[in-house]
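First the structure, in the form of structure tokens, and then the observations on it.
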Amino acid sequence: MSKPIYRVLGVKQATSTKTGRECFTIYLSGDFTPYEKENCECAGFNCFSEFTYENYNLHPNDVVELDYTKGFQDKATLSGVTVIKSPFLEKTVKSDEKEVKAEKEPVEKK
């Protein structure tokens, strides 16, 4: 089973009033879970947020996968973010894809 994919809607950066540390709230959207689709009437997208002290350098419209570990009282805690696609870096990604495709095209034998 593959990991769910989410779109970053926005990122809020602040300083925690409790710890004084830099913190981030990542706002995301994605599909409803299979359970929600099976047991509820769902339309549109599921939107939620994740809190972290890590700066993952995310931008609006990035497409990401989220990694979790067990945290305090066994609650899932965000432990990593993998950027699948970033419109912010799209020129770089597209040029890399073209180079890879060019290398993989079959060579005609004479």
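Nearest heavy-atom pair, Phe32 versus Gly44, reported as atom, atom and distance to 0.1 Å: CE1-O, 3.6 Å. Nearest heavy atom pair, residue Leu9 against residue Cys47, reads CD1-SG, 4.2 Å. Residues Glu54 and Thr52 come closest through the heavy atom pair N-OG1, 3.0 Å. Residues Asn61 and Pro87 approach most closely at O-CD, 3.3 Å, considering heavy atoms.
Here the straight-line distance linking atom CD1 of Ile26 with atom CD of Gln13 works out to 11.5 Å at 0.5 Å rounding. Here Glu36 contributes atom CD and Glu41 contributes atom CD; the two are 13.5 Å apart, rounded to the nearest 0.5 Å. Here the OH atom belonging to Tyr68 is positioned 3.5 Å from the CD atom belonging to Glu50, to the nearest 0.5 angstrom.
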> Should Glu65 and Ile5 be marked as a side-chain contact (heavy atoms from CB on, under 4.5 Å) after you check the CA-CA gap, both sets of side-chain angles, and the distance that decides it?
Replying inline: CA-CA 5 Å; Glu65 287 181 342; Ile5 306 274; 3.8 Å; yes
>> Please determine whether side-chain contact (heavy atoms from CB on, under 4.5 Å) holds for the pair Asn55 and Asn57, giving the CA-CA distance in whole Å, both sets of side-chain angles, and the decisive distance to 0.1 Å.
In response: CA-CA 6 Å; Asn55 182 357; Asn57 295 313; 3.3 Å; yes
> Between Tyr56 and Leu78, does a side-chain contact (heavy atoms from CB on, under 4.5 Å) hold up when you go through it step by step?
Replying inline: CA-CA 11 Å; Tyr56 292 107; Leu78 184 66; 4.1 Å; yes
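Counting heavy-atom neighbours within 6.0 Å of Glu38 CD, excluding the residue itself, gives a total of 12 or less. Within a 6.0 Å sphere centred on NZ of Lys37, heavy atoms belonging to other residues, nucleotides or ligands number more than 12. Within 6.0 Å of atom CZ in Phe45, 12 or fewer heavy atoms from other residues, nucleotides or ligands are found, so the atom counts as exposed in its surroundings.
No side-chain donor-acceptor contact under 3.5 Å links Ser16 to the backbone of Arg21.
Note on Phe24: it clusters hydrophobically with Leu58, by side-chain heavy-atom contacts below 4.5 Å among ILVMFWY residues. Hydrophobic clustering keeps Ile84 apart from Val8 (ILVMFWY residues linked when any side-chain heavy atoms are closer than 4.5 Å, directly or through intermediates). Residues Tyr53 and Leu66 do not share a hydrophobic cluster, clusters being chains of Ile/Leu/Val/Met/Phe/Trp/Tyr side chains in contact below 4.5 Å. Cluster membership check: Leu28 shares its hydrophobic cluster with Val83, using side-chain heavy-atom separations under 4.5 Å among Ile, Leu, Val, Met, Phe, Trp and Tyr.
Phe72 has its side chain out of reach of Thr77: every pair of non-hydrogen atoms, C-beta onward, lies at least 4.5 Å apart.
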